[in-house]
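Here's the structure, in structure tokens; my notes come after.
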Amino acid sequence: MMKLSSWIAFRYLFSKSAGRFAPLLTATAISAIAVGMLALVLIMSVMRGFRTELTDRLIGFGSHITLTRGAGAKALDEASLNQLLPKDKITDASPFVQGEVIAQSEAAGELSAQGARVRGIKPSSIGRMSRVELYFPEGGEGAQGILRRSGSLAGAVIGSDVVSQLSVHPDFADSIELVAPLAEVLPSGELGPNSRRFSVAGVFRTGVFEYDGKYILVGLDEAKELLGVQAKEGWFIKLKDPGTVGAVLEELRPSLPNGWSAVGWHEQNRKLFEALKLERLAMGGVLAMVLLIASFAVVGVVLLVTAAKRKDIAIMESAGMETDSIMRIFLMHAAFIGAIGSAAGLVAGLAHRHLVAVPCEI
């Protein structure tokens, strides 16, 4: 059975005896709380969804852990790597070679050039990339259509924004020339350029401009030949559980050979995620202020009802009701307004959360 104070507070909720506009003011206060809660749920959901989307795209094109070979360090083959990695936590380990180049094309009738980053990978690594859209010419065999019998890439798979900047496309059998400026050691002892021409075999799109506007994927062996001494070699490690990155790094780093380094995806993008965290806290603070302002409306309604119910208060005191019980009636009245508004806003926010789309371009 509902307690007496709660029952009276519920009866006062839309009582017209408190004044002609009391029900309207009560509905306004409930609406204010509901709108504030709705905004809190939707905006925090968008912020959380954006972070999840960004994380999935960054890891999909990259990895949870990146091992990099330093200058003068010995190569780390797959057999040696398997002895270092905790097999129960690893899903994939693939080698890569990476370096800076100048990409050139004359497909549009004039020379177009831009700085780019070449990544040499094994063909099987393309199929294991998550959240990456791939396009290959019609009539081909998808990702397998760009493979030669030798198991290497039959050309370059370039970012969607690089396609626009160089005015090339795989449907037109275009090609690009990649120039590594510091790839070879000249007889004079200075570093000189090395160049290689690749056909445009396909296009990838991650939704992250840093990748789509700079990266070009080629075969592992071709990348080594192109980049020469400026090549940065390493391994991409993907885990079963992204949450175990810290533990795996603590276990892996002490056992790495001299000259090798390991870095987690959260460390590579530390500044970005710290900015997102700060933005989320700021938005949460602003929305909390919105709810605080809405609570002022609740206080105003309760004060109005309290002033209008002075006769009822006198009757309850004459009937022997304690002062604390009378005070509890009006506190419960405010609690009912807040609970109804919060519940309405929460239900509306959860119902409309799936309609909020996270932007594809980051």
Side-chain angles (χ1 to χ4, degrees), residues 53-54 56-62 94 96-181 183 193-227 231 236 357-362:
E53 181 78 6
L54 177 60
D56 291 344
R57 290 181 183 272
L58 291 175
I59 295 176
F61 188 76
S94 57
F96 73 92
V97 175
Q98 196 162 280
E100 303 291 335
V101 298
I102 299 173
Q104 300 179 151
S105 171
E106 297 181 357
E110 59 182 13
L111 180 64
S112 300
Q114 75 158 86
R117 183 170 297 170
V118 166
R119 176 179 293 179
I121 58 175
K122 288 185 175 180
S124 57
S125 299
I126 292 182
R128 291 197 292 267
M129 290 182 179
S130 60
R131 306 305 300 273
V132 177
E133 300 175 11
L134 297 170
Y135 172 81
F136 299 99
E138 295 182 4
E141 301 176 4
Q144 299 300 323
I146 66 170
L147 303 182
R148 296 197 191 107
R149 294 182 181 179
S150 60
S152 183
L153 294 179
V157 183
I158 63 181
S160 57
D161 290 329
V162 180
V163 169
S164 302
Q165 293 167 4
L166 296 181
S167 301
V168 295
H169 200 276
D171 286 345
F172 305 133
D174 292 328
S175 63
I176 58 175
E177 183 179 10
L178 303 181
V179 180
N194 186 20
S195 64
R196 188 181 179 94
R197 183 167 292 275
F198 293 87
S199 61
V200 180
V203 180
F204 71 85
R205 181 178 181 275
T206 64
V208 181
F209 178 76
E210 178 69 19
Y211 295 151
D212 296 340
K214 290 186 177 181
Y215 275 84
I216 298 175
L217 304 178
V218 300
L220 188 64
D221 295 333
E222 284 85 349
K224 290 181 180 180
E225 294 177 2
L226 170 65
L227 297 173
F236 285 140
V358 178
C360 293
E361 294 296 338
I362 299 172

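Computed from heavy atoms alone, side chains included, the values below leave out hydrogens, waters and symmetry copies. Note that the coordinates shown come from a computational prediction; the quantities given were computed from them, not determined experimentally.
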* To do: Report yes if the side chains of Phe61 and Glu210 come closer than 4.5 Å at any heavy-atom pair, otherwise no.
  => no

* Residues that Ala173 engages under side-chain contact (heavy atoms from CB on, under 4.5 Å), provided they are two or more places apart -> none

* Asp212 side chain to Thr206 backbone, donor-acceptor under 3.5 Å -> yes

* To do: Dump the intermediate steps for side-chain contact (heavy atoms from CB on, under 4.5 Å) on Arg119 and Phe236, then the final yes or no.
  => CA-CA 12 Å; Arg119 176 179 293 179; Phe236 285 140; 3.6 Å; yes

* Structure fact -> Closest non-hydrogen atoms of Gly99 and Leu227, given as atom of the first, atom of the second and distance, are N-CD1, 3.5 Å

* Atom pair CE/CD1 of Met129 and Ile121 - distance to nearest 0.5 Å -> 4.0 Å

* Report yes if some heavy atom in the side chain of Ile158 is under 4.5 Å from a heavy atom in the side chain of Phe198; otherwise report no. => no

* To do: Indicate, with yes or no, if the rings of Tyr215 and Phe204 have centres closer together than 6.0 Å.
  => no

* Asked: Gly120 and Ala223: which non-hydrogen atoms are nearest, and at how many Å?
  -> CA-CB, 3.5 Å

* Asked: Taking side chain as C-beta onward, heavy atoms only, is Leu166 less than 4.5 Å from Asp174?
  -> no

* May I ask you to test the Val218-Leu226 pair for a side-chain heavy-atom distance under 4.5 Å? => no

* From Glu225 CD over to Arg196 CZ, what is the distance, rounded to the nearest 0.5 angstrom? -> 5.0 Å

* Test side-chain contact (heavy atoms from CB on, under 4.5 Å) applied to Ser195 - qualifying residues, sequence neighbours left out -> Glu177, Val179

* Kindly indicate whether the side chain of Val200, heavy atoms from C-beta on, has any atom under 4.5 Å from the side chain of Phe172. => no

* Structure fact -> Heavy-atom closest pair (Val168 atom, Ala107 atom, distance to 0.1 Å) is CG1-CB, 3.8 Å

* To do: Verify side-chain contact (heavy atoms from CB on, under 4.5 Å) between Arg197 and Ser175, making sure each step is shown before the conclusion.
  => CA-CA 7 Å; Arg197 183 167 292 275; Ser175 63; 3.1 Å; yes

* Asked: Going from CD on Glu100 to CG on Leu178, what distance comes out if it is rounded to the nearest 0.5 angstrom?
  -> 12.0 Å

* Asked: With Leu58, which residues qualify under side-chain contact (heavy atoms from CB on, under 4.5 Å), at least two apart?
  -> Leu54, Val208, Tyr211, Asn269, Leu272, Phe273

* Asked: At their closest point, which heavy atom of Ala113 faces which heavy atom of Gln104, and how far apart are they?
  -> CB-CG, 4.0 Å

* To do: Looking only at non-hydrogen atoms, find the nearest pair between Pro137 and Ala201 and report the distance.
  => CD-O, 3.3 Å

* Asked: What is the minimum heavy-atom distance between Gln114 and Gly213, and which atoms define it?
  -> NE2-O, 3.2 Å

* Kindly indicate, with the supporting measurements, whether the criterion side-chain contact (heavy atoms from CB on, under 4.5 Å) is fulfilled by Leu134 and Ile126. => CA-CA 9 Å; Leu134 297 170; Ile126 292 182; 3.4 Å; yes

